[in-house]
Amino acid sequence: MRVLLSGGGTGGHVYPAIAIANRIKEEYPDAEILFVGTEKGIESEIVPKYGYELKTVTVQGFKRKIDLDNVKRVFKLFKGLEQSRKVVKKFKPDVVIGTGGYVSGPVLFNASMCKFPTVVHEQNSFPGVTNKILSKMVTEVLTSFEDSHERFPEGSRQKLVLTGNPVRKEILTARKSTARRNLGISEDKKMVLCYGGSGGARKINDAMKLVIENMVKDDVAFIFATGKYYYEEFAKSIEHINFKPYQRVVPYLEDMANALAASDLVIGSAGAISLAEITALGKPSIIIPKAYTAENHQEYNAKSIEKQGAGIAILEKNLTPESLNNAVFSLLGNKEKLIDMASASKTIGKPEAIDLIVAEIVKIYEKNNKEKIKVKKEHKDKKVSQAEVNSEENGENVEENQPKVIGIKKK
Ligand SMILES: CC(=O)N[C@H]1[C@@H](OP(=O)(O)OP(=O)(O)OC[C@H]2O[C@@H](n3ccc(=O)[nH]c3=O)[C@H](O)[C@@H]2O)O[C@H](CO)[C@@H](O)[C@@H]1O
């Protein structure tokens, strides 16, 4: 199985592709996986860490006004189209999956022009521009929220399949007590995790200084990821504080699984993948949606969490160090409220989404590769029976020599 994945720009587009690739590898250990992204996007750091190969192409999004910079971006788009056409044609994928970001546009466009099966995954209630355009030409569109369906172009609606947002396996399987042990945080401590999406959020960082000072005073354990871009500035502003080993400020969290699992409360922005992870683990949250996101979708996400009782939403315009500090400490002091929010959060979570997504991809692969799968199976069966004959001729015990072959009748 040859799988080409393309998603980039931010963690919210890259981690879904990683979750899908890892799950496919579990099902099909021989699968060949290739990622396509851009050099500047976060994918160039994340994808190699997960052990996958990344081919880079040149694409950049457009600004909403007409200027010289946009003209340059048109040239880049043509270049990106040509580069991705070459990658697609050379790799000859069985299925191509796009998880959003500008880069998935040219890759999925070329793949569908070359008649390779194509799937896009949309993480948000408000589909991005690229996915709306692609929805008309791809084989299938996997969605995360039912209400997004009416926002896709009419001609693509019969291709929509509701699956939910994928969460990486290491997050789904992380356990609180093990995570705390790994992080050196004792069971009796309250633990707060805070991060503003994959890039961090200045507004959250500004409000967190006071919260951090008070968490240090109250001996609360915490991990705060500022975002790489903001780290140095933030680190300077808290130089005077003496932290305990279980109180950490980092630029970026490589190990989200342990941090999430260990936490009693999560403070974060309202990106769809962050929320899918927080709710898959049933964590209570304080959600601060980033303002000015397309169609204000983060505010919409945050309000939905609050409405369902899984968290508190604080809009950026109402966010002050004091308002965040009050929300954090009143929740930490209210065990029952935290328990109620945790169970509401758990009911929203869709840990099964990753299985539904991969099942759809496998269905498409099998439908388009019936002959290849049949030949491969026959070849495998033939190899096994030949091995059985050979072993018998050599007087070997067939049963002992066949431990890895599943579904073969033993003599
Ligand atoms: C400003 C903006 O438009 N943001 C969008 C972007 O958010 P963004 O890229 O911030 O994505 P999300 O918040 O949805 O997900 C962040 C991902 O990064 C991981 N992570 C984060 C911080 C860290 O230190 N370490 C780490 O591993 C999280 O575990 C998660 O897997 O994509 C999302 C999914 O399309 C959208 O819903 C968001 O609205």
Side-chain angles (χ1 to χ4, degrees), residues 7-20 22 37 41-43 45-47 49-50 61 98-104 120-132 142-145 148 164-172 174 193-205 208 222-231 234 248-261 263 266-281 283 285 287-305 316 353-354:
T10 70
H13 294 309
V14 181
Y15 284 115
I18 296 285
I20 295 170
N22 288 350
I42 197 169
E43 59 273 24
E45 287 173 39
I46 297 173
V47 172
K49 274 190 194 141
Y50 277 87
T99 52
Y102 299 114
V103 69
S104 65
V120 291
H121 179 269
E122 172 56 61
Q123 295 89 38
N124 297 292
S125 297
F126 294 86
V129 182
T130 313
N131 277 355
K132 273 195 203 165
L142 308 179
T143 62
S144 305
F145 298 96
S148 71
N165 267 319
V167 174
R168 284 169 280 159
K169 189 178 174 183
E170 70 252 33
I171 293 181
L172 292 177
L193 169 65
C194 176
Y195 56 101
S198 55
R202 182 184 289 282
K203 293 266 163 97
I204 294 184
N205 295 359
M208 275 301 287
F222 64 84
I223 300 180
F224 173 41
T226 60
K228 285 187 178 165
Y229 181 76
Y230 304 111
Y231 179 72
F234 191 85
R248 288 171 209 151
V249 178
V250 296
Y252 185 80
L253 256 169
E254 303 292 346
D255 182 7
M256 185 55 82
N258 273 317
L260 255 182
S263 67
V266 182
I267 305 168
S269 51
I273 296 300
S274 291
L275 296 182
E277 294 167 353
I278 291 167
T279 55
L281 289 195
K283 296 292 174 181
S285 55
I287 302 298
I288 301 148
K290 290 186 183 173
Y292 310 111
T293 54
E295 263 106 3
N296 208 9
H297 68 266
Q298 286 219 356
E299 185 173 328
Y300 180 89
N301 292 348
K303 285 191 169 158
S304 157
I305 290 286
E316 274 188 2
I354 181 65

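Whatever order the structure lists them in is the order used to number ligands and atoms, beginning at 1. Just so you know, residue 1 is the first one in the sequence shown, and it goes up from there.
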Review point. Taking distance alone, with no angle check, do Ser198 and ligand 1 share an N/O pair under 3.5 Å?
Key: yes
Point to revise | Check: Gly271 main-chain N/O paired with His297 side-chain donor or acceptor under 3.5 Å | key: no
Review point. Going from CD on Glu45 to CD1 on Ile42, what distance comes out if it is rounded to the nearest 0.5 angstrom?
Key: 6.5 Å
Revision key, fill the gap. Near Ala225 (heavy-atom distance under 4.0 Å), the atoms of ligand 1 are 24 (O)
Practice item. Could you point out which residue of Tyr252, Phe234, Tyr231, Tyr230 forms a ring pair (Phe, Tyr, Trp, His ring centres under 6.0 Å) with Phe224? Key: Phe234
Review point. Which ligand 1 atoms does Gly11 reach within 4.0 Å, using its non-hydrogen atoms?
Key: 9 (O)
Review point. Do side-chain atoms of Ser198 reach the backbone of Thr10 as a donor and acceptor pair under 3.5 angstrom?
Key: no
Exercise for review: Could you list which atoms of ligand 1 come closer than 4.0 Å to a heavy atom of Ser274?
Suggested key: 12 (P), 13 (O), 14 (O), 15 (O), 16 (C)
**Study point:** Protein contact of atom 22 (C) of ligand 1 - nearest heavy atom, named by residue and atom, plus distance
**Key:** Gly197 O, 3.3 Å
Check your understanding: Sub-3.5 Å donor-acceptor pair from the side chain of Lys290 to the main-chain atoms of Gly196, do we have one?
Key -> yes
**Study point:** ligand 1 N/O within reach of Ser269 N/O, cut-off under 3.5 Å
**Key:** no
Review point. Measuring from Tyr15:OH to Tyr50:OH, what's the distance to the nearest 0.5 Å?
Key: 5.5 Å
Review point. Which distance, rounded to the nearest 0.5 Å, do you find between the CD of Gln298 and the CD of Glu316?
Key: 8.5 Å
Study note, to complete from the structure: heavy-atom search around atom 7 (O) of ligand 1 in the protein gives Thr10 OG1, 4.3 Å
Point to revise | Enumerated ligand 1 atoms positioned under 4.0 Å from heavy atoms of Thr293 | key: 1 (C), 2 (C), 3 (O)
Check your understanding: Nearest protein heavy-atom contact for atom 39 (O) of ligand 1: which residue, which atom, what distance?
Key -> His297 NE2, 2.5 Å
Review point. Has ligand 1 got any nitrogen or oxygen that is less than 3.5 angstrom from a nitrogen or oxygen of Gly12?
Key: yes
Point to revise | Protein residue, atom and distance nearest to atom 14 (O) of ligand 1, heavy-atom basis | key: Ile273 N, 2.7 Å
Review point. Short question: side chain of Lys283, backbone of Ser263 - any donor-acceptor pair under 3.5 Å?
Key: yes
Check your understanding: Below 3.5 angstrom, do we get any N/O pair linking Leu253 and ligand 1?
Key -> yes
Study note, to complete from the structure: His13 heavy atoms within 4.0 Å reach ligand 1 at atoms 35 (O)
Exercise for review: Please confirm whether the backbone N or O of His13 pairs with a side-chain atom of Thr99, one donor and one acceptor, at under 3.5 Å?
Suggested key: yes
Practice item. Enter the distance from Gln123:CD to Leu275:CG here, rounded to the nearest 0.5 Å. Key: 12.5 Å
Study note, to complete from the structure: for atom 4 (N) of ligand 1, nearest protein heavy atom and its distance come out as Gln298 NE2, 3.6 Å
Point to revise | Short N or O distance, Glu277 and ligand 1, threshold 3.5 Å exclusive | key: yes
Practice item. Using modelled atom types only, decide if a donor and an acceptor are shared between the side chain of Glu122 and the backbone of Leu142 within a distance under 3.5 Å. Key: no
Review point. Does a salt bridge link Glu277 with Arg168, judged by any charged N lying under 4.0 Å from a carboxylate O?
Key: yes
Check your understanding: Does any N or O atom in Asn124 lie less than 3.5 angstrom from one in ligand 1, N or O only?
Key -> yes
Review point. Judging by distance only, is a nitrogen or oxygen of Ala272 under 3.5 angstrom from one on ligand 1?
Key: yes
Practice item. List the closest protein heavy-atom neighbour of atom 23 (C) of ligand 1: residue, atom name, distance to the nearest 0.1 Å. Key: Tyr252 CE1, 3.4 Å
Practice item. May I ask whether Arg168 has any heavy atom positioned less than 4.0 angstrom from an atom of ligand 1? Key: yes
Check your understanding: N/O of Ile171 under 3.5 Å from N/O of ligand 1, yes or no?
Key -> no
**Study point:** Donor + acceptor pair across side chains of Ser144, Asn165 (<3.5 Å)
**Key:** yes
Point to revise | Nearest protein heavy atom with distance in Å, relative to atom 19 (C) of ligand 1 | key: Tyr15 CE1, 3.4 Å
